Number of protein chains: 2
Amino acid sequence: MANIKDIARVAGVSVATVSRALSTPSLVRPATIERIEAAIADLNYEPNHLAAGLRRQRSDNVIVAVPSIYNPFTSAFVEGIENVARANRMRVLLGITEGDPETLNKYTSMIAGKQADGLILLEKNLPDIVLNPPAKGKMPPMVAACEYPPDLNLPRVRTDNHEASALVVGHLAELGHKHIAAITGPLDQFMSMDRLSGYKLGLLRARIDFDEALVAHGDFSLQSGYDAMIRLLDSGVEFTAVACANDEMAMGAMSALQQRGISVPDDMSVAGFDDLRFGAFAIPPLTTVHIPTVEIGEAAMRLMLDSLLLQDHEGPAREVVLPHRLIVRQSTAAPRKRRKKA
Amino acid sequence: MANIKDIARVAGVSVATVSRALSTPSLVRPATIERIEAAIADLNYEPNHLAAGLRRQRSDNVIVAVPSIYNPFTSAFVEGIENVARANRMRVLLGITEGDPETLNKYTSMIAGKQADGLILLEKNLPDIVLNPPAKGKMPPMVAACEYPPDLNLPRVRTDNHEASALVVGHLAELGHKHIAAITGPLDQFMSMDRLSGYKLGLLRARIDFDEALVAHGDFSLQSGYDAMIRLLDSGVEFTAVACANDEMAMGAMSALQQRGISVPDDMSVAGFDDLRFGAFAIPPLTTVHIPTVEIGEAAMRLMLDSLLLQDHEGPAREVVLPHRLIVRQSTAAPRKRRKKA
DNA sequence: TTGTAGGCGTTATCAG
DNA sequence: CTGATAACGCCTACAA
């Protein structure tokens, strides 16, 4: 493979000039640039990114830490991140953790090892380095694109899960529902907790008492939504609506209802969260909260670019909150009069 | 940041020994290794991957080129690729192309530029370098994880879309359907063509005449499945079953049918393709063909690792074909007797 | 506007 | 088993 020296020789200039022609063309005479470009085309030269990176101490990669990418919710974030990265000559290194904290820690050390310049977190876990900060100024650039404890001083982008969840419950209450169940996500995630507390807030605003028996826990998967709905149904408590912590569980729940012969929305209203594309084509189409997932990814990557530009990553971190909005479709409706369930 | 020289000094050895201790510990006396490890822990040393890469002329990255990752089908592949990459100390660089051939070509030149060691293709397009091969031995390592023209000499992994599609149609015919429609993918993709020709093969085997009027074209999206079904319905042709080229379109089609008051499977059987998780929870649960998407990704990455080990990438390329299987759920059933549609 | 030269941090070769 | 040292290819003062 040709290198910068070869180009210099063929173009009859020094390597410095070639390097400048490539990175700061304004400093080089146009005629010289032309000769250099001809040589580059001739020799099929491609700058060695490893060598440049070693010299400049940066890899132009960001790691995205995500438990799994095999679901529409997280892959939307990643798509947004990649969009912005690509537009800024950076690359996205996929860091799948499978929820393992040790794997996550490896991603932070990859930054020290110059395999990447920063880390975007889409994970319930936090790397050790956040809890045990190293010497000042040694903190790797990090951005959080999901819910974390509020006292955490990290640039972050998110939506207001708390409010959004209350919004859904408000919608259900407005329709006239008095007994509104919830299917939550795994409670070791801040996002799930936020959505659950939003559910409680929604009840409070509607002056409906919270009833522990109406809360079932899932893990955000279709199957867990199905299972949670079956448990709710079998428990014998009365309810006419259910607010699910994401669309997948809502669709799982609808599947369970259909199997039990309970009609949505006539006998049961179901609401989701996230606005996956599948929800619009569910049967019936799913009422949900739109979360701008791709945009969150884009904003996260922009925050990362900012961090990379800044000298130190100390000081109060920026927080970007993106708007959600309720999307009412046909899976929610007013409850039937005096409906009783076995 | 500490470097190998610092470690060498603190441990009282030469840099060569440190390097060996890290990469080939068997060549170093255990006691020496211990001293080195102590120094590494002391100084919080992390090997500089850029420097190592420059020296060894490899980045330990693979690019995966994919039109978009924001859908369950492609993200499953990528998940599989990452799984195997991670287990082999390699990283996945996300290369989203948005279907743009120029972006794809950039990914091939990134290999020349040592940003990555190889390219895994999950794209309908082929990079120019495949069609205009450079000098012998200069071909970057590539693996195809999707359908391409059969004469293409690239290591590849796939399923038999042709047979699988015929299998679905066979299932429908066996149920007694005589008028089986098809909703295809975009016909500029080999995969769509394969699935379409499999549909024709299935008809042939069932001794059913092919009818152009029963074929509607989509683009693999939910919306396009919905639209295609509406077109089919509005065209006035008679049919009692539809084989869709993927699950998303099948679910879009079911949504259209529901809206038109046509019952699945009583009035219309619907079959999908891919076995997305959503299909199992669709209403009714979707009959489909299981494609081992994650496994295909894993196999593709293994093929890539093999390519990287081999000196030259010439000679006949390996092909791995993974098995599919029909999954019969409730969206398909025998047609109603003497059913007529307006 | 251009050239010279000293690293960036490793690995690998060659001696010992 | 260990050490000295020459690359790997580029960038960037500093000089001209």
Side-chain angles (χ1 to χ4, degrees), chain A residues 1-40 43-61 89 109-117, chain B residues 1-40 43-61 89 91 109-117 308:
Chain A
M1 200 62 205
N3 62 25
I4 206 174
K5 230 167 160 176
D6 299 323
I7 304 301
R9 186 170 26 74
V10 171
V13 295
S14 75
V15 292
T17 304
V18 177
S19 177
R20 277 190 289 255
L22 256 25
S23 56
T24 340
S26 60
L27 298 182
V28 181
R29 181 150 40 109
T32 313
I33 293 190
E34 254 175 59
R35 290 216 312 287
I36 291 174
E37 281 179 343
I40 288 177
L43 303 192
N44 225 280
Y45 167 73
E46 197 68 44
N48 185 314
H49 198 260
L50 254 19
L54 170 60
R55 180 56 232 242
R56 305 184 316 157
Q57 296 290 40
R58 64 195 326 255
S59 63
D60 297 327
N61 293 154
R89 328 182 111 260
S109 34
M110 279 172 55
I111 298 175
K114 297 284 183 280
Q115 271 201 276
D117 304 332
Chain B
M1 201 62 205
N3 61 25
I4 206 174
K5 230 164 158 178
D6 299 322
I7 304 301
R9 186 169 27 74
V10 172
V13 295
S14 73
V15 293
T17 304
V18 177
S19 177
R20 276 188 291 253
L22 256 24
S23 57
T24 340
S26 59
L27 297 182
V28 181
R29 184 157 31 112
T32 312
I33 292 190
E34 255 175 57
R35 288 215 313 286
I36 291 173
E37 282 179 342
I40 287 177
L43 303 192
N44 225 280
Y45 167 73
E46 198 69 42
N48 185 313
H49 199 259
L50 254 20
L54 171 60
R55 180 57 233 233
R56 303 186 313 155
Q57 295 289 43
R58 64 197 322 257
S59 63
D60 297 326
N61 293 154
R89 328 183 111 261
R91 295 287 151 210
S109 36
M110 279 172 56
I111 298 176
K114 297 285 185 283
Q115 270 199 276
D117 304 332
L308 259 19

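Since the structure is predicted, the reported quantities are computational estimates derived from the model, not experimental observations. So you know, we letter chains A, B, ... as the sequences are listed, proteins then strands, and number each from 1. What you see below is based on every heavy atom in this structure, not just the backbone, and it leaves out hydrogens, waters and symmetry mates.
Annotation: side chain of A:Glu46 is not in contact with side chain of B:Ile111 (no heavy-atom distance under 4.5 Å). With contacts defined as side-chain heavy-atom distances shorter than 4.5 Å, the pair B:Leu54/B:Lys114 does not qualify.
Under the side chain to side chain contact (heavy atoms under 4.5 Å, CB included) criterion, B:Glu34 pairs with no residue, sequence neighbours left out. For A:Asp60, the salt bridge (Lys or Arg N to Asp or Glu O under 4.0 Å) test picks out A:Arg56, A:Arg58, with sequence neighbours left out. Among residues two or more places apart in sequence or in another chain, the salt bridge (Lys or Arg N to Asp or Glu O under 4.0 Å) test is passed with A:Arg9 by A:Asp6. Applying the side-chain hydrogen bond (donor to acceptor under 3.5 Å, both in side chains) rule to A:Ser109 yields no partners; only residues at least two apart in sequence or on another chain are considered. Listed by chain and residue number, A:Ser59 satisfy the side-chain hydrogen bond (donor to acceptor under 3.5 Å, both in side chains) test with A:Asp117 (two or more places apart in sequence, or in another chain). With sequence neighbours left out, A:Glu37 forms a side chain to side chain contact (heavy atoms under 4.5 Å, CB included) with A:Ile33.
Mapping A:Asn3 and B:Ser26 onto DNA chain D by nearest heavy atom places B:Ser26 closer to the 5' end of the strand.
The overall bend of the helix from C:dT1-D:dA16 to C:dG16-D:dC1, read as the angle between its terminal helix axes built from five base pairs each, is 30° when rounded to 10 degrees.
Atoms CD1 and CD1, from B:Ile4 and B:Ile40 in turn, are 8.0 Å apart once rounded to the nearest 0.5 Å.
On the nucleic acid side, DNA chain C has its first and last nucleotide under 4.0 Å of a heavy atom of chain A at C:dT1 to C:dG9, going 5' to 3'. Nucleotides of DNA chain D that come within less than 4.0 Å of any heavy atom of chain B span, from the 5' end to the 3' end, D:dC1 to D:dG9.
Here the shortest heavy-atom pairing between A:Asn61 and A:Gln115 reads OD1-O, 3.3 Å. The two residues A:Gln57 and B:Asn48 come nearest to each other via the heavy atoms OE1-ND2, 3.6 Å.
DNA chain C is contacted by A:Leu54, A:Arg55, A:Gln57 of residues 50-58 of chain A, taking any non-hydrogen atom closer than 4.0 Å. For the segment residues 28-40 of chain A, residues with any heavy atom less than 4.0 angstrom from an atom of DNA chain C are, sorted by number, A:Val28, A:Arg29, A:Thr32.
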Could you go through residues 16-31 of chain A and list every donor-acceptor pair under 3.5 Å that involves a side-chain atom there, pairing it with any protein atom two or more places apart or in another chain?
unit_1: A:Thr17; atom_1: OG1; unit_2: A:Ser14; atom_2: OG; d: 3.3
unit_1: A:Ser23; atom_1: OG; unit_2: A:Ser19; atom_2: O; d: 3.0

